[in-house]
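Here is the structure we will look at, set down as structure tokens.
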Amino acid sequence: MSRLSQVFADLQADKRRGLIPYVVAGDPSAEGTVPLMHSLVDAGADILELGVPFSDPMSEGPVIQKGHERALANGMSLHRVLSMVAEFRKDNDRTPIVMMGYTNPIERFGYEAFAAASAEAGVDGLITVDLPPEEVDTIDGALKDVGLDNIFLISPTTPEPRVQRIVERARGFIYYVAVKGVTGSGELDTDEVARNVALIREKTSLPIAVGFGIKNAASASAVAASADAVVVGSALIAEMEQKARSAEGLEEIQIHSAAVKLLQSIRVGVDSSPS
Amino acid sequence: MTSEVTPELFASVPDQDGRFGRFGGKFVAETLMSALADLEQLYARLKDDAAFQREFDEDLAHYVGRPSPLYEAARLSDAIGGARILLKREDLNHTGAHKVNNTIGQALLAKHMGKKRVIAETGAGQHGVASATVAARLGLECHVFMGEEDIRRQALNVYRMKLLGAQVVSVTSGSRTLKDAMNEAMRDWVTNVEDTFYIIGTVAGPHPYPMLVRDFQSVIGREARAQSLSQYGKLPDALVACVGGGSNAIGLFHPFLQDESVVMYGVEAGGKGLETGEHAAPLSVGSPGVLHGNRTYLMQDDNGQILETHSVSAGLDYPGVGPEHAWLKDIGRVQYVAANDDEALAAFHRLTRVEGIMPALETAHAMAHAEKLAASMSPEQHIVVNLSGRGDKDILTVADLDGIKV
Ligand SMILES: Cc1ncc(COP(=O)(O)O)c(C=O)c1O
């Protein structure tokens, strides 16, 4: 069983909802990312989502954009993200890692070479924001060959027949984008989320994670009522940014602790969800 | 590319997935996919609709002032002593560039879709002005995204847009130029997709944009072809146009693609010289990749990060290019070359002094190559240059480069 299937099976057996933090690989520093990943797991993460820095992150709001810019300034590349995953795997062979990024760095790497290197490093899934089902054929075969899950997004604007076509191609889990907008934006409409998640559930038995617009324990708790897992990104990065700005010369671990604390409180929110 | 270059081939692109050979496509976030599908369906219906075409043609005639003249630059041609240079005068259009042909077309689509808000990205500000203009005319709310760096170097156009009632949004991410303005426009569109129409300013972006912008701009080539035949009794021997995203170039080239005798040159921004790396010439020295919704030639590093570009002209300062150009390059139908900043500046001054026509700095790149080309050809031969825009917006930049304080 893949790490992703195992985690979702365990969650279901325990009647728990999953928690998926997103951080940008290489932000705030390149050296700090692997320790941060371990800390997030200790704080209650079930799955890690690792942003692959790109010069033109078109679907990101300002908070995550800045994370990408900082990571690139720190010399990050797709190759280095994969080394981080391999490094993390030395101490953790259980927590699934999903990489989230854009098409061009992967295309440049070469689809087959990328799939092989990802599997070798210990990556479990891939979310490529600008690679809808219409364009995925170029990479999907290569990913399947090495047992990696290509994870599709479904949004509030996805019409029903299209949802059907997407779930037919999906593996791992479905990522439902809770707001029309970029990451970190918008007001969450939890009723709409619940309605749309229910519609997707009619068409697939794959687990459904919900992300974009989840900022704190309360919103995570509300979303966890209908989702199998919640994703939190911008809020964690904003918290670290604020901490870094609050005082001169902080140790990186102190900056991380801001994200860790928020994640812990969100964990409590998710676990107390009225599902 | 192995496929044979036949007339049918040019009419066959893009295919229904928006592909020009291996280029093009729809590489966007899921949230935008249904908006693109709606646009595709609407356009498929209106494209051959006589009433829609009439509306478009009438706007071009009475609001834009088409047809634009095909003017023989006699003194310039005499001075060079080679082929005759004919200028397709898009600078005489309302708002001063070819960009308005496209914004008229897309604004009609927005009207048919019932959208009340339009957004646009702009580099030189010409597309922003053309978008703000049609928005004012139709009473639409208009937001124009423009890189902070371009706002500085195109201050006159920024003020024009504001006078027209548009909100100009300063983009401070990345390189603060056209590519980043396009990122920001995409982000706005994802957020406001239900009430907003995105007027893309060139033949880039996801399908169906490269196709519909090409169709709207093809009026340039259709007129130039008919004018060549009626004024000179023959087709031109060569076509020259500058290439930023590639809309003025494709507009001129497309109606001639099946005329085998006509050779075509797309002129990219060579910046400080191709060998310096400081340029905006993805077709000349870039490699294929995916940006802004399509696969095309890009300026990128070994890790697939998009590189910053340099050009004296804001409208050419873009690391990608429309996918149809990428395909035309691969099949060898169009030659892509570069003119650098200094050559463009010299061509700007020459056309101004010899013909009394002040071209946009973008357009000056096409002129620089046309002069070289003319010198290598004979006086019976004709070159049509797309005079894509007028240079009023650039006079402060030119003064600055010449070390003159206005
Ligand atoms: C006068 C003029 N010519 C050319 C261009 C380049 O765009 P394109 O390559 O789409 O024609 C611009 C862009 O701003 C322009 O203003």
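Lettering of chains follows the sequences in order, A, B, ..., and the numbering in each one begins at 1.
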Item to complete: Would you mind telling me which of Gln300(B), Glu184(B), Glu30(B), Met186(B) has the largest number of heavy-atom pairs within less than 4.5 Å of chain A?
Response: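 Heavy-atom pair counts peak at Glu30(B).
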Worksheet item: If you count heavy-atom pairs under 4.5 Å with chain A, which of Asp17(B), Asp180(B), Asn183(B) comes out on top?
Response: Asn183(B)
When you check the side-chain N and O atoms of [X] and [Y], is any donor under 3.5 Å from an acceptor?
| X | Y | answer |
| --- | --- | --- |
| Tyr43(B) | Asp215(B) | yes |
| Gln164(A) | Glu168(A) | yes |
| Tyr297(B) | Asp330(B) | yes |
| Gln106(B) | Tyr198(B) | no |
| Ser287(B) | Arg108(A) | yes |

Structural part of [X] lying under 4.5 Å from a heavy atom of chain A:
| X | answer |
| --- | --- |
| Ile306(B) | both |
| Leu298(B) | side chain |
| Val28(B) | backbone |
| Asp301(B) | backbone |

Under 4.5 Å from a heavy atom of chain B, the part of [X] involved:
| X | result |
| --- | --- |
| Pro133(A) | side chain |
| Glu134(A) | both |
| Phe109(A) | neither |
| Thr183(A) | neither |
| Ile106(A) | neither |
| His68(A) | neither |

Worksheet entry | Exam field: side chain Arg171(A) to backbone Gly125(A), donor-acceptor pair closer than 3.5 Å | no
Item to complete: Determine the interplanar angle of the Trp327(B) and Phe20(B) rings, folded into 0 to 90°, and report it as parallel if under 30°, tilted if 30 to 60°, perpendicular if over 60°.
Response: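 Rings of Trp327(B) and Phe20(B): tilted, as their planes differ by 30° to 60°.
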Practice prompt. Might you confirm whether atom CD of Glu187(A) has over 12 heavy atoms from other residues, nucleotides or ligands at distances under 6.0 Å?
Written response: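 Counting other residues, nucleotides and ligands, CD of Glu187(A) stays at 12 neighbours or fewer.
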